[in-house]
Each structure stands twice: as C-alpha cells, then as structure tokens.
Amino acid sequence: MISILFSLLFLPVNLLAVVILSRGKCGLSTCTTRYLVAMAMADLLVIITEVILLRIGYYFLPGSFLNITPICSAIAVLSCAAGDCSVWFTVTFTFDRFVAICCQKLKTNYCTKKTAALVLTATCILLCLKSIPFYFAYKPGKIIDSVPWFCYTNPSYFTEPGWVGFDWFDTVLTPLLPFASILLLNALTVRHILVTSRVRKGLKGQSKGENHSDPEMESRRKSVILLFTISGSFILLWSVYVLNFLYYNITGANPRGHDDSVYIFEQVGWMLLNLSCCTNTFIYGVTQSKFREQFKNAVKYPVISIIQLVHKQNH
C-alpha cells in the first residue's frame with residue numbers, strides 16, 4: 001500500500017522529468033540524455049502497468065475489466081517488460097559511461113545518439129519478446145458467465161521443469177546479470193579513473209603540492225557521480241528481491257506456503273522495486289544543477305502564470 005501511494009505521488013514528477021530531459025537543456029550530451037530519457041520512460045511505464053493497472057485494479061477495482069484474465073495477463077507481460085527495460089537501460093547507460101571514460105578509441109564511434117537509439121531499441125524489443133511467456137503463466141480464478149476472471153499463477157509454474165528453467169532464466173537476466181555487470185563496469189571505471197588521475201596529477205605537477213584546476217577531471221567527476229548514484233540506487237533497491245529469490249531456491253521452500261515474516265520480507269522487496277522507479281528524478285536533482293534549475297522553472301511556471309492572470313483580471 002505504501003509503495004502504491006508513493007508511486008502515485010511521483011507519477012507526475014516522473015512525467016515532468018521525462019519532459020525536462022527530452023528538451024535537452026540540462027547540460028548533458030545528447031547520448032547521455034537519450035539513455036536518461038529512456039530510463040525515465042521505463043520507470044514511468046512500470047508505475048502505470050505495475051502499480052496503477054495491476055495493483056490498484058486488483059485491490060480497489062476487483063470487478064473492472066482490468067481483472068478479466070486475458071487482460072490482466074497482458075498487463076502482467078507489459079509490467080514485466082517495463083521492469084526489465086528499466087533495469088537493462090540502467091546497464092546500457094552504465095556501459096555507455098564506461099566506454100566514454102575508459103575507452104577513448106571506442107568512444108567516438110559508440111557514444112553517439114545514433115548508437116544510443118539503436119542499443120535502446122534493440123534492448124526493448126528483445127526484452128518484450130522475452131516477457132511474452134508470462135502471458136501463459138496464469139489461470140483464471142473464477143469463471144462467471146463464461147468469462148474468465150482474475151490471474152492466478154499456475155501451480156505448474158513452480159514444478160514443471162520448463163517453467164522452473166524459465167523462472168531461473170528470467171531472474172538471472174533481471175536482476176542477477178545486471179547486478180554483476182554494473183558492479184564489474186563500475187569497478188573497472190573506478191580503477192581507470194584512479195590510474196588516470198595519478199598520471200594527470202603527475203603531469204601537472206600536483207604531486208609536488210601544486211594546485212591546478214583540471215576541467216576534464218571535473219567533468220569526469222560529475223559524470224561518475226551521476227553514474228554511481230543511479231547504479232548504486234538500483235543495486236540497493238533490488239537487493240531484497242534478489243535475497244528473497246535466493247532464499248526460495250537455496251532452501252527449496254514452497255513459495256505458496258511461507259510464514260508471516262517471509263511474506264513481509266517478500267512484500268518489502270516488491271515495495272522497494274516499485275520505489276526504485278521514483279528515485280531517479282531525485283538523483284538527477286541532487287547531481288545535476290541544470291536539471292534542478294529546469295525543474296524549478298517548470299514547477300514555478302503554472303504558479304506564475306496563474307498569478308499574472310489574476311493580476312490582469314483585477315486591473
């Protein structure tokens with residue numbers, strides 16, 4: 001319930017973030033902007049599909065068309081695809097920043113808006129295709145006037161080798177592989193920055209106590225702060241879900257027969273996943289001064305317009 005409320009509150013904030021980033025006036029490269037817009041769009045779609053259509057439809061609108069089995073199954077597929085895109089767009093952004101910082105020869109050809117569009121499109125298509133099997137993982141809870149209602153997970157999903165293998169593949173793909181990829185890329189990026197920083201300081205004489213400004217290192221520092229904050233937030237907010245998955249598969253516990261403490265732990269994991277779609281806007285605001293400026297202007301604009309309109313009517 002808490003995650004639903006937070007997600008609804010931040011829905012317009014995420015939408016505003018998409019608009020601000022799409023304008024390209026935040027002082028970021030076109031390539032970086034495309035990745036951030038894609039991540040914000042994916043987060044927005046997660047809120048719409050997972051929170052509004054699935055959870056609100058289930059808890060507050062039990063008799064609506066959203067709970068007809070084919071429809072809620074299709075929504076589940078869209079929710080899964082949106083969640084996967086949100087995660088993997090973070091990975092592609094991390095890899096793009098790794099190339100930009102560590103691979104100067106590859107940077108010219110890879111870190112372009114055309115490559116970013118190609119990578120994001122291919123990633124989205126593949127993840128949507130991967131999510132299609134989830135449509136067949138559900139069965140109706142009731143049949144009323146020959147119409148199937150509600151989506152209940154088929155018991156075979158937990159027992160049949162094909163479904164068990166697919167579940168492992170799905171969880172390895174999201175988020176275990178992204179976890180490993182982001183940690184590895186960030187470690188390599190940090191190592192490269194430390195080595196490069198020592199070399200540049202030596203060349204500029206800073207090793208002898210001199211203090212010279214270095215615009216390139218300052219620009220790189222800001223880029224790294226944005227990168228590490230986004231990837232660190234992802235790892236933190238997905239960690240409970242990963243631990244919950246490992247618990248069931250290592251202990252062999254029945255997912256449908258858990259006690260209260262395990263159920264609470266599982267629900268906390270889902271809550272953090274939903275909240276992860278609301279954090280990036282704050283990250284942009286904390287790390288990017290121009291984004292903060294654009295955000296303030298966007299928030300103040302309707303208020304100023306209303307005040308000016310009232311002032312004109314009074315005079």
Side-chain angles (χ1 to χ4, degrees), residues 1-8 45-87 127-176 238 240-277:
M1 188 65 67
I2 296 177
S3 62
I4 293 177
L5 293 175
F6 268 102
S7 299
L8 291 178
L45 289 175
V46 171
I47 294 175
I48 294 173
T49 56
E50 171 68 22
V51 177
I52 296 178
L53 297 181
L54 272 184
R55 295 189 177 270
I56 292 181
Y58 179 81
Y59 289 113
F60 300 104
L61 302 171
S64 71
F65 71 97
L66 295 174
N67 291 287
I68 297 176
T69 304
I71 294 178
C72 62
S73 297
I75 294 173
V77 172
L78 294 176
S79 175
C80 177
D84 287 350
C85 287
S86 177
V87 171
L127 292 174
C128 288
L129 293 175
K130 190 276 301 179
S131 301
I132 291 177
F134 281 110
Y135 183 87
F136 307 98
Y138 299 97
K139 67 174 184 176
K142 295 180 181 179
I143 304 292
I144 302 176
D145 295 331
S146 300
V147 178
W149 287 87
F150 305 111
C151 290
Y152 286 68
T153 305
N154 276 310
S156 60
Y157 184 85
F158 303 106
T159 57
E160 289 188 3
W163 280 119
V164 172
F166 176 76
D167 186 53
W168 266 100
F169 169 74
D170 177 61
T171 306
V172 169
L173 188 67
T174 307
L176 297 183
W238 276 80
V240 175
Y241 174 86
V242 173
L243 291 174
N244 183 67
F245 172 82
L246 294 176
Y247 166 78
Y248 281 123
N249 286 275
I250 292 175
T251 63
N254 182 1
R256 311 186 75 178
H258 44 233
D259 56 29
D260 290 341
S261 60
V262 177
Y263 176 78
I264 292 173
F265 187 78
E266 178 182 350
Q267 292 304 306
V268 168
W270 283 108
M271 180 187 71
L272 292 177
L273 292 191
N274 291 332
L275 291 179
S276 68
C277 299

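In this text, all values refer to a predicted model and were calculated from it rather than measured experimentally.
To the nearest 0.5 Å, the span separating CD1 on I75 from CD1 on I52 amounts to 11.0 Å. For the atom pair L54 CG and I48 CD1, the distance stands at 12.5 Å (nearest 0.5 Å). Note that the CG atom of L53 and the SG atom of C72 stand 11.0 Å from one another [nearest 0.5 Å]. We find the CD1-CD1 distance between I68 and I71 to be 4.5 Å, quoted to the nearest 0.5 Å. Of the inter-residue distances, the one linking K142 atom NZ with T69 atom OG1 reads 11.5 Å to the nearest 0.5 angstrom. Note that CZ of F136 and OG of S73 are 9.5 Å apart. Values are rounded to the nearest 0.5 Å.
You'll find the side chain of P140 stays beyond 4.5 Å of the side chain of W149, heavy atoms only. A 4.5 Å side-chain heavy-atom check between Y157 and V164 finds every atom pair outside the cut-off. With contacts defined as side-chain heavy-atom distances shorter than 4.5 Å, the pair F158/D167 does not qualify.
Here side-chain hydrogen bond (donor to acceptor under 3.5 Å, both in side chains) pairs that include residues 76-87, with residues two or more places apart or in two chains, are D43-S86, E50-S79, D84-K130, D84-T174.
Between C80 and D170 the shortest heavy-atom distance is SG-OD1, 4.3 Å. Contact between Y135 and V77 at its shortest, heavy atoms only, is N-CG2, 3.4 Å. A pairwise comparison of heavy atoms in P148 and P70 identifies CG-CD, 4.0 Å as the closest pair.
Without hydrogens or angle criteria, S64 side chain to L61 main chain gives a donor-acceptor distance under 3.5 Å.
For Y138 and F150, the ring centers are positioned 6.0 Å apart or more.
Ring geometry, F166 versus W163: the interplanar angle exceeds 60°, so the pair is classed perpendicular (tilted spans 30 to 60°).
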For this session: Could you walk me through whether L173 and V87 pass side-chain contact (heavy atoms from CB on, under 4.5 Å), step by step?
Result: CA-CA 10 Å; L173 188 67; V87 171; over 6 Å; no
